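To start, the structure itself, in structure tokens.
Everything numeric here is computed off the predicted structure, so don't read it as measured data.
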Amino acid sequence: SDAARHSIDATNFSNTGTVDAGIGHLAISGSGSDTGTYTVPLGARLEFFGGSRTLAAGSDITGLGSLWLNTTVDVQGALSIAASGDGLLVAAGGADTVRFGAGTPGALVPITIESGTLNLDGPAVTLPTLALAGGTLGGSADVTVTGNFDASGQSATLAGTGTFTTAGSGLVRMDGVTGLLAVNKPWVNSGSLALEGDEQFVFNSGGSGGVLTNAVGGQILVTSVSAT
């Protein structure tokens with residue numbers, strides 16, 4: 001709860017040792033470069049916001065809690081919580097980019113992207129669920145969503161060179177007649193994908209490589225009235 005929220009507000013804060021988020025919500029603002037470890041227990045949350053942060057080689061975020069990335073973050077070290085925690089949220093500013101590098105685990109926890117850009121540039125990634133409620137999923141890694149893929153909001157984008165595969169149940173339901181999902185990367189559906197509402201599906205808008213392939217055994221139900 002907010003009562004358990006603790007914050008470190010500093011122009012620059014870097015962790016070369018160990019920071020334990022305890023049992024509440026630890027919010028860190030300001031820029032920094034970390035080589036140490038953050039521990040986020042079950043029920044706790046670690047949040048980075050403001051400035052820009054580098055999680056350098058040798059760094060790690062561990063634990064069973066949740067991680068919120070609300071600013072530019074470059075993950076160059078390990079990110080163990082991405083495989084062990086209870087969820088990742090990217091809600092960065094429109095110009096902010098969160099990048100997961102080669103040290104990121106291949107099997108990740110559920111991810112929600114509300115704004116900003118998440119670039120997955122490490123090994124191929126498997127997600128149990130992905131909620132794209134705005135912002136951009138990009139990067140060079142192949143991404144497979146085995147469970148629910150839910151795209152919503154006013155505007156969202158799939159970008160980058162890696163192939164995006166929906167193998168479970170997918171639902172695209174952008175807001176209103178002006179809602180838009182831009183597809184600028186290869187997308188393979190091998191599950192059940194529903195395209196609903198009156199939104200627009202725009203391929204190769206401001207990018208390239210955007211193509212939707214329905215694989216053998218895949219199902220697509222289209223009730224949307226617009227696609228370009």
Side-chain angles (χ1 to χ4, degrees), residues 2 5-15 19 21 25-34 38 40 44-56 59 61 65-77 79 81-82 85-101 103-104 108-122 125 127 129-141 143 149-162 164 172 174-176 178-185 199-200 202 205-207:
D2 290 341
R5 185 181 190 273
H6 306 282
S7 64
I8 298 176
D9 298 314
T11 302
N12 289 281
F13 172 79
S14 296
N15 173 30
V19 174
H25 172 191
L26 176 61
I28 299 176
S29 73
S31 299
S33 181
D34 302 320
Y38 294 90
V40 189
R45 180 200 311 164
L46 174 64
E47 176 186 359
F48 294 116
F49 69 100
S52 63
R53 182 153 302 275
T54 299
L55 298 172
S59 68
I61 302 177
S66 59
L67 177 62
W68 288 18
L69 303 173
N70 298 343
T71 189
T72 292
V73 179
D74 185 8
V75 181
Q76 301 173 3
L79 194 67
I81 195 172
D86 64 2
L88 297 173
L89 171 69
V90 176
D96 291 329
T97 298
V98 175
R99 177 185 172 273
F100 290 0
T104 305
L108 304 186
V109 297
I111 291 181
T112 298
I113 303 173
E114 293 185 349
S115 56
T117 297
L118 172 60
N119 284 335
L120 300 176
D121 289 328
V125 168
L127 298 174
T129 64
L130 172 64
L132 186 61
T136 299
L137 173 68
S140 59
V143 177
F149 167 61
D150 189 354
S152 62
Q154 186 63 38
S155 176
T157 302
L158 295 170
T161 57
F164 178 67
V172 179
M174 309 305 291
D175 290 348
T178 60
L180 183 148
L181 176 62
V183 181
N184 299 326
K185 71 185 302 154
E199 62 280 290
Q200 300 180 66
V202 181
S205 172

Next item on the list: Using the side-chain contact (heavy atoms from CB on, under 4.5 Å) rule, pick out the option among I113, V90, N119 that qualifies with L137.
Entry: I113
Check: Looking at residues at least two apart in the chain, or sitting in another chain, which of them share a side-chain contact (heavy atoms from CB on, under 4.5 Å) with A141?
Finding: L120
Notebook entry, point to check: To the nearest 0.5 Å, how far apart are CG in L130 and CG in L158?
Noted result: 8.0 Å
Check: Closest heavy-atom contact between M174 and Q154?
Finding: CE-C, 4.1 Å
Check: Could you give the distance from CG (L132) to CG (D150), rounded to the nearest 0.5 Å?
Finding: 9.0 Å
Check: To the nearest 0.5 Å, what is the distance between CD1 (I61) and CG (L55)?
Finding: 5.0 Å
Notebook entry, point to check: Quick one: which of L67, V109, L108 gives a side-chain contact (heavy atoms from CB on, under 4.5 Å) with I81?
Noted result: L67
Next item on the list: For A131, enumerate each residue passing the side-chain contact (heavy atoms from CB on, under 4.5 Å) test, keeping only those at least two apart in sequence or located in another chain.
Entry: T112
Notebook entry, point to check: Among all residues two or more places apart in sequence or in another chain, which pass the side-chain hydrogen bond (donor to acceptor under 3.5 Å, both in side chains) test with T97?
Noted result: none
Notebook entry, point to check: With sequence neighbours left out, what residues match S115 under side-chain contact (heavy atoms from CB on, under 4.5 Å)?
Noted result: A91
Margin query: So, using side-chain hydrogen bond (donor to acceptor under 3.5 Å, both in side chains) as the criterion, who are the partners of S29 when residues are at least two apart?
Written below: D9
Check: Can you name the nearest heavy-atom pair linking A56 to S59, along with the distance?
Finding: O-OG, 2.6 Å
Next item on the list: Provide the closest heavy-atom pair for G32 versus S14 in the form atom of the first, atom of the second, distance.
Entry: CA-OG, 3.6 Å
Item checked: Whether K185 side chain and G162 backbone form a donor-acceptor pair below 3.5 Å -> yes
Next item on the list: Let me see the working for V98 and F48 under side chain to side chain contact (heavy atoms under 4.5 Å, CB included), right down to the final yes or no.
Entry: CA-CA 11 Å; V98 175; F48 294 116; over 6 Å; no
Check: Ignoring hydrogens and geometry, is there a side-chain-to-backbone donor-acceptor pair from S31 to S52 under 3.5 Å?
Finding: yes
Next item on the list: Could you tell me which residues satisfy salt bridge (Lys or Arg N to Asp or Glu O under 4.0 Å) with R99, sequence neighbours excluded, listed by chain and number?
Entry: D74, D121
Notebook entry, point to check: Measuring from E114:CD to L89:CG, what's the distance to the nearest 0.5 Å?
Noted result: 5.0 Å
Check: In Å and rounded to the nearest 0.5 Å, what is the CD1 to CD1 distance from I28 to I8?
Finding: 4.5 Å
Item checked: Contacts of D86 that satisfy salt bridge (Lys or Arg N to Asp or Glu O under 4.0 Å) - sequence neighbours left out -> none
Checklist line | Stepwise side chain to side chain contact (heavy atoms under 4.5 Å, CB included) check, V73 with F100 | finding: CA-CA 8 Å; V73 179; F100 290 0; over 6 Å; no
Next item on the list: For N15, enumerate each residue passing the side-chain contact (heavy atoms from CB on, under 4.5 Å) test, keeping only those at least two apart in sequence or located in another chain.
Entry: F13, V19, D34, Y38
Notebook entry, point to check: Looking at CZ of R53 and OG of S33, how far apart are the two atoms once the value is rounded to the nearest 0.5 Å?
Noted result: 8.0 Å
